[in-house]
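Only one structure is covered here, and it is reproduced in the block below.
From a predicted model like this one, the values you see are computed outputs, not experimental measurements. Atoms within each ligand, like the ligands themselves, are counted from 1 in listed order.
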Amino acid sequence: MTGHFDRLVQDLPALGRFPRAALADGPTVIEPMQRLGALVGVNLLVKRDDTLPLAMGGNKVRQLEFYLGEALRAGADTLLITGAVQSNFVRLCAAGCRKLGLRPVVQLEQRVPKQDVAYNTSGNVLLLKMLGAEITSFPEGENEAAADANLDRIAERLRAEGAAPYVVHLGIDHPPIGGLGYVAAAIETLQQSKAEGLPLDHVVVASGSALTHAGFLVGARLMGWEVPVHGICVRRDAGPQRDRVLRRARELAAMLGAPQAIRPVDIRVDDTCLAPGYGQMNDRVAEALELSATQEALLTDPVYSGRALAGALHLARSGAFDAGDSVLFLHTGGVPAIFGYQSDLEGAPPA
Ligand SMILES: Cc1ncc(COP(=O)(O)O)c(C=O)c1O
């Protein structure tokens, strides 16, 4: 029997060359957001990657399939990863490890200036503890290379103790393996759009490490699908983010044997909703969280999905789309973090 992923590989055989540990096998649904779309004059749709199976879901499930595939191929028994205190990637990495019988060792970076108890103990932190991850903390949240280097030091120590560690590096100098998951997601979306008769004129997605954004873009272009893919900046300003997406997309395209597939004009980023910075609330994000909950019963988070939705609403209001265009908002998950943001969401003073 042909599985879901096999049907994606039929459209892009080069994707089948990479080791993958299956954590999800089936497409996520695309749903209309009629009320919210009507407010901004477009046909708004949402692809529910927040519902991907595994410990409360999210985009990193697709990315992890390829990191974990590589870790198993390399004979690892322990996985190391670094991320912000409320990182979804770290939570899902621990969950993926548990699913496959590996040992999760995680490093939490002080990336967001928030001292309140909920941020530091609830949401993803609580889930990490339930998953039994070994947690260390790292004070320098904005230095990706230093965070990766510290992980490498921990890996070295574990190796000396007899473990076989694999490090999921976040820095730009390591191969963009996780982006392969979103190459697959773009093929899945195109297949759905054809099968369900859904024309898609634009895609909007959160752009952080850029592997979701770059992966989707590469998958689309390798399929000959010229849809504009708008990345909403969640971590860096538009200038450096544009450079990062272009570099990651070209690396991914090269991994798949098509180094010329991505042109600079393909890279669209918008940082209107980023201030005051990563993981910090602003009025546009607060509005998006409220509108998606009250108009669509769709929960989004302040760091990623709610910020990306705020960006989609901004693009619609500022004329980036034509009236009636079909705009696909890719919901990348992140909802468990809302419990760490209770004080922002309630407007209450931090505990
Ligand atoms: C829920 C969620 N959405 C979006 C992103 C951004 O994805 P990427 O890092 O691939 O740009 C992340 C990254 O951690 C995330 O956790």
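Close approach of ligand 1 to G334 is summarised as follows: ligand atoms under 4.0 Å from at least one heavy atom of the residue are 1 (C). For ligand 1 and G333, the ligand atoms under 4.0 Å from any heavy atom of the residue are 1 (C). Taking a cut-off of under 4.0 Å to the non-hydrogen atoms of Q63, the atoms of ligand 1 that pass are 10 (O). If you number the atoms of ligand 1 from 1 as listed, the ones under 4.0 Å from a heavy atom of T212 come out as 7 (O), 8 (P), 10 (O).
Counting protein heavy atoms only, atom 16 (O) of ligand 1 is closest to N88 ND2, 3.0 Å. The protein heavy-atom contact nearest to atom 9 (O) of ligand 1 is S209 OG, 2.7 Å. The nearest heavy-atom contact from the protein to atom 7 (O) of ligand 1 is N59 ND2, 3.2 Å. Protein heavy atom in closest approach to atom 1 (C) of ligand 1: T332 O, 3.3 Å. Closest protein heavy atom to atom 13 (C) of ligand 1: K60 CE, 3.1 Å.
Judged purely by distance below 3.5 Å, without hydrogens or angles, the side chains of D271 and Q241 never pair a donor atom with an acceptor atom.
With a 6.0 Å cutoff to the six-membered ring centre and a 45° limit on the axis angle, K60 does not count as a cation-pi contact of Y67.
Ring-plane geometry between Y304 and Y278 is classed as perpendicular, the angle between the planes exceeding 60 degrees on a 0 to 90 degree scale with a lower cut at 30.
The side-chain heavy atoms of D270 and H230, taken from C-beta on, include no pair separated by under 4.5 Å.
In this structure, H213 does not count as a contact residue of ligand 1, since none of its heavy atoms falls inside 4.0 Å of the ligand.
Remark: F339 CZ is loosely packed, at most 12 non-hydrogen atoms of other residues, nucleotides or ligands lying under 6.0 Å away. In this structure, R35 places its CZ atom where only 12 or fewer heavy-atom neighbours from other residues, nucleotides or ligands lie under 6.0 Å away.
Residue-to-ligand polar distances place A210 within reach of ligand 1: an N/O pair is separated by less than 3.5 Å.
Judged by distance alone, the side chain of R307 and the main-chain N or O of I232 form no donor-acceptor pair under 3.5 Å.
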